[in-house]
K.L.:
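Take a look at this one; I'll ask things after.
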Amino acid sequence: MSISLGELSMTKKTWTPIEEIFTGKFTEKSVNIRGWIYRTRSSGNIVFMTIRDATGTLQVTIKINNVGEHAFNDAKKALIESSLTITGTIKQDTRAPGGYELLATENQIITFADPFPITKDQSPEYLLDQRHLWLRSQKLTAIMKIRSTVVGAIHDFFRQQGFYEFDAPILQPNQCEGGSTLFEVKYYQDKTYLSQSWQLYAEAGIFSLEKIYNMGPTFRAERSKTSRHLSEFWMAEMEAAWMDLEDIIAIAKDEIRFILTQVLTCNTKELIYLNQDVEKLTRISKADYPVITYTEALEILKDKENLVVEWGKDLRTLEESTLMNHFESPLVVTNYPVDIMAFYKPRDPVHPDTALCFDMIAPGNYGEIIGGSQRSTDIAEMTKRLQDMGESIDNYQWYFDLRRYGSVPHSGYGLGVERVVAWICGTDNIKDTIPFPRTLLRFRP
RNA sequence: GCCGUCUUAGCUCAGUUGGUGGAGCACCCGGCUGUUAACCGGGCGGUCGCCGGUUCGAGUCCGGCAGACGGCGCCA
């Protein structure tokens, strides 16, 4: 028999998070826990359940002589993912996983679950179909905890550095990155697009707040079917007046080190569950990251890998991952050819074929985790490059106004939150780093 | 846009030369007082993606269609 949810909320018990039981401080004491059945098995007059809550899993032993026949039969027939409350004594026992178990004196099923559709064998597609249920898995729980730490760390980092949070519209009339495709949205009698970047609006914000940041959803309708792409992803961006390329590269490195340090502090358990090398991540959290130019990257590829890339072509996935064979930590690559860069990235006056821009590439096969640049202040050159792309200049007059009224040198970058989480967690696919992934071929559930 | 793979039970898969469709898991019933993704016995479960063709006979061979997935390009 189930207890009513109203009745449950009226009970004034103290509930112990499962994680705390493994500190040993509750041993031989009576506790109340609540959660969901992760595994269950029975043998005659004894039922073993693994119970999970948000903090961990614990084996519960239910014996008919301790809880009575009615509660015992409920426990025996409750399927995986049934929710329940249990009272009992914590025992230290080497036979239990983790060395502790709860010997039940009472158990109350809150809701008997239907047969759970996810069993031991699952395909990636099936798990994506059942995403609303697969979120309960230990793997996704671990990743979502790390994601939460990463997002919190980004806010903490910029606020500690004196940045203000500044919001841009999600509905935007113009495109930002050249070549990327936009999601069109009906806007009353008109049409607009989902935000591809916060940046153009951020460039307006720096003239009052000087140092600003933001983190929010970003939408790109690229026809990419890879383990590194999402159609909707979260980007953490910064923009600052008076800063040049060198300044923002230093901030980007500090930001990555700060994120790593926070994750290593808060999520060691999760990193170990995900089979990540904690010592290596600790090393990277304290390291300085190498900075090379695009031209130097081509030389490394040619000299060490015999991989020849024509100067002027962008680094492709193959080249980036080959390059990363030579680096344990993230790598900063600057001065890409100006002709393949977005309209707002300025020419380097010292090396005029290149732009004052950088990418930070993650180790492994996770690709670019940060992209940024100084911002052009040359209205004539930006106008020409926008026209070459077929863009209507009228939409950018407000942006050019920023150069007409007290323009200053300024710079900014964007960090792909999911790519950073994927790299730290070592996931095969970026889809596992966001609760409900949206990709070229999937937008349900 | 280019290249490739897959589609058989609720889930994961096997299915020989073309000859009456199988296993494990899940679920149900029975057994078991220390299990670790428990185990043992039994049961339930199928329009072999769809349409057509070849054949005495097609899950299997051929053609078409549909759907799912992966890689590249592009990007965070």
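All figures in this text were calculated on a predicted structure; none of them were measured in a lab. Numbered from 1 within each chain, the chains take letters A, B, ... in sequence-line order.
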K.L.:
Which nucleotide wins on minimum distance to the side chain of A/Lys225, given the candidates B/C72, B/G34, B/C11?
P.N.:
B/C72

K.L.:
Looking at A/Lys431 and A/Glu418, does any basic side-chain N land under 4.0 Å from a carboxylate oxygen?
P.N.:
no

K.L.:
Quick check for you: among B/G10, B/G73, B/C75, whose closest atom lies nearest to any side-chain atom of A/Tyr126?
P.N.:
B/G10

K.L.:
Among residues 42-53 of chain A, which ones have heavy-atom contacts with RNA chain B below 4.0 Å?
P.N.:
A/Ser42, A/Ser43, A/Gly44, A/Asn45, A/Ile46, A/Phe48

K.L.:
Looking at A/Arg228, does any N or O in its side chain come under 4.0 Å of the phosphate oxygens OP1/OP2 on B/C72?
P.N.:
yes

K.L.:
For the side chain of A/His229, counting heavy atoms from C-beta on, which of B/G1, B/C75, B/U12 is nearest?
P.N.:
B/C75

K.L.:
A/Arg316 near the nucleic acid: base, sugar-phosphate alone, or nothing, with a heavy-atom cut-off under 4.0 Å?
P.N.:
sugar-phosphate

K.L.:
If you define the side chain from C-beta out and look only at heavy atoms, does anything of A/Gln161 sit under 4.5 Å from A/Phe157?
P.N.:
yes

K.L.:
Pick the C1' atom in B/A58 and in B/G30, then give their distance to the nearest Å.
P.N.:
41 Å

K.L.:
For A/Ile64, report the nucleic acid contact type (base, sugar-phosphate, nothing); a contact means any heavy atom under 4.0 Å.
P.N.:
nothing

K.L.:
Does A/Thr61 put a side-chain nitrogen or oxygen below 4.0 Å from OP1 or OP2 of B/G34?
P.N.:
no

K.L.:
Give one of base, sugar-phosphate or nothing for A/Arg39, where a contact means two heavy atoms less than 4.0 Å apart.
P.N.:
sugar-phosphate

K.L.:
Restricting to pairs with a member in residues 49-62 of chain A, which pass side chain to side chain donor-acceptor pair (under 3.5 Å), not counting sequence neighbours?
P.N.:
A/Arg41-A/Gln59, A/Arg52-A/Glu81, A/Asp53-A/Thr55, A/Gln59-A/Glu101, A/Thr61-A/Glu101

K.L.:
Evaluate the side-chain proximity of A/Cys357 to A/Val338: yes if any heavy-atom separation is below 4.5 Å, no if none is.
P.N.:
no

K.L.:
Atom CG in A/Leu301, atom CG in A/Leu315: separation rounded to 0.5 Å?
P.N.:
7.0 Å

K.L.:
Using the C1' atoms only, state how far B/G71 lies from B/G63, rounded to an integer number of Å.
P.N.:
28 Å

K.L.:
Assign the ring pair A/Tyr413 / A/Phe158 to parallel, tilted or perpendicular, where the plane angle (0 to 90°) is split at 30° and 60°.
P.N.:
tilted

K.L.:
What's A/Ile369 touching, base or sugar-phosphate or nothing? Going by heavy atoms closer than 4.0 Å.
P.N.:
sugar-phosphate

K.L.:
OG of A/Ser42 to NZ of A/Lys77: how many Å apart, nearest 0.5 Å?
P.N.:
13.5 Å

K.L.:
Tell me, do A/Asn107 and A/Thr85 make a side-chain contact under 4.5 Å, heavy atoms counted?
P.N.:
no

K.L.:
Go through the N and O atoms of the side chain of A/Ser224 and the base of B/C74, and report whether any donor-acceptor pair is under 3.5 Å.
P.N.:
yes

K.L.:
Is there a side-chain contact between A/Arg228 and A/Tyr366 in this structure, where contact means two heavy atoms from C-beta onward sitting under 4.5 Å apart?
P.N.:
no

K.L.:
Picking from B/C69, B/G71, B/C75, which would you name as closest to the side chain of A/Ser227?
P.N.:
B/G71

K.L.:
If every non-hydrogen atom of A/Ala78 is compared with every non-hydrogen atom of A/Ile37, which pair is closest and at what distance?
P.N.:
CB-CD1, 3.7 Å

K.L.:
Heavy-atom contacts under 4.0 Å between residues 429-445 of chain A and RNA chain B, which residues?
P.N.:
A/Lys431, A/Leu441, A/Arg442

K.L.:
Does any non-hydrogen side-chain atom of A/Leu135 lie less than 4.5 Å from one of A/Gln130?
P.N.:
no

K.L.:
Using atom P of each nucleotide, how far apart are B/C11 and B/C48 to the nearest Å?
P.N.:
15 Å

K.L.:
By the 4.0 Å heavy-atom rule, please label A/Leu79 as base, sugar-phosphate, or nothing.
P.N.:
sugar-phosphate

K.L.:
At 4.0 Å (heavy atoms only), tell me whether A/Pro97 reaches a base, stays on the sugar-phosphate, or touches nothing.
P.N.:
base

K.L.:
Applying a 4.0 Å non-hydrogen cut-off, can you work out what A/Gln59 is touching in the nucleic acid: base, sugar-phosphate, or nothing?
P.N.:
base

K.L.:
Using the side-chain contact (heavy atoms from CB on, under 4.5 Å) rule, pick out the option among A/Asn325, A/Leu307, A/Ile292 that qualifies with A/Ile300.
P.N.:
A/Ile292

K.L.:
Mind calculating the distance between CD (A/Glu222) and C1' (B/C74) to the nearest angstrom?
P.N.:
6 Å

K.L.:
Send over the distance from A/Lys77 NZ to B/C29 C1', rounded to a whole Å.
P.N.:
15 Å

K.L.:
Rounded to whole Å, please give me the gap between CD in A/Glu239 and C1' in B/A76.
P.N.:
16 Å

K.L.:
Tell me which residues in residues 147-154 of chain A put a heavy atom below 4.0 Å from RNA chain B, sorted by number, or none.
P.N.:
none

K.L.:
Looking only at atom P, what distance separates B/C3 and B/C50, rounded to whole Å?
P.N.:
28 Å

K.L.:
Think A/Ser123 has a side-chain N or O under 4.0 angstrom from the OP1 or OP2 of B/C69?
P.N.:
no

K.L.:
Expressed in whole Å, how much space separates the P atoms belonging to B/U35 and B/C40?
P.N.:
14 Å

K.L.:
Checking all strands, does A/Glu237 fall into the base, sugar-phosphate, or nothing category for heavy-atom contacts under 4.0 angstrom?
P.N.:
nothing

K.L.:
What pattern of brackets, bars and dots sums up RNA chain B from 5' to 3', given Watson-Crick or G-U wobble pairs under 3.5 Å, [ ] for crossing pairs and | for another strand?
P.N.:
(((((((..((((.....[..)))).(((((.......))))).....(((((..]....))))))))))))....

K.L.:
Could you check A/Glu101 against A/Thr119 and say which one's nearest nucleotide on RNA chain B is further toward the 5' end?
P.N.:
A/Thr119

K.L.:
Between B/A76 and A/Phe233, is there a base-stacking contact, meaning the centre of the base's six-membered ring lies under 5.5 Å from the residue's ring centre while the planes stay under 30° apart?
P.N.:
yes

K.L.:
Name every residue in residues 127-143 of chain A that has at least one heavy atom under 4.0 Å from any atom of RNA chain B, in order of residue number, or write none if there are no such residues.
P.N.:
none

K.L.:
Could you tell me the separation between the OG1 atom of A/Thr439 and the CZ atom of A/Phe443, rounded to the nearest 0.5 Å?
P.N.:
10.0 Å

K.L.:
So, do A/Ile370 and A/Phe358 sit near enough that their side-chain heavy atoms are less than 4.5 Å apart?
P.N.:
yes

K.L.:
Could you measure between the two C1' atoms, the one in B/G15 and the one in B/G21, and give it in whole Å?
P.N.:
8 Å

K.L.:
Honestly, is A/Arg385 close enough over A/Tyr344, meaning NZ or CZ under 6.0 Å from the six-membered ring centre and within 45° of the axis?
P.N.:
no

K.L.:
State, with a plain yes or no, whether a side-chain heavy atom of A/Ile86 is found less than 4.5 Å away from one of A/Val31.
P.N.:
no

K.L.:
Does A/Arg41 make a side-chain donor-acceptor contact with the base of B/C32, cut-off 3.5 Å?
P.N.:
no

K.L.:
Rounded to the nearest 0.5 Å, what's the gap from OH on A/Tyr399 to CD on A/Glu203? Could you check?
P.N.:
3.0 Å

K.L.:
I need the A/Thr317 OG1 to A/Asn365 CG distance, nearest 0.5 Å.
P.N.:
7.5 Å

K.L.:
Would you mind classifying the nucleic acid contact of A/Asn65 as base, sugar-phosphate or nothing, using non-hydrogen atoms under 4.0 angstrom?
P.N.:
base

K.L.:
Is A/Ala96 touching bases, backbone alone, or none of the nucleic acid, heavy atoms closer than 4.0 Å?
P.N.:
base

K.L.:
If you measure from the P atom in B/C27 to the same atom in B/G10, how many Å do you get, rounded?
P.N.:
16 Å

K.L.:
Answer yes if the ring centres of A/Trp134 and A/Tyr126 are under 6.0 angstrom apart, and no otherwise.
P.N.:
no

K.L.:
For B/G59 versus B/U33, give the span between their P atoms, rounded off to a whole number of Å.
P.N.:
48 Å

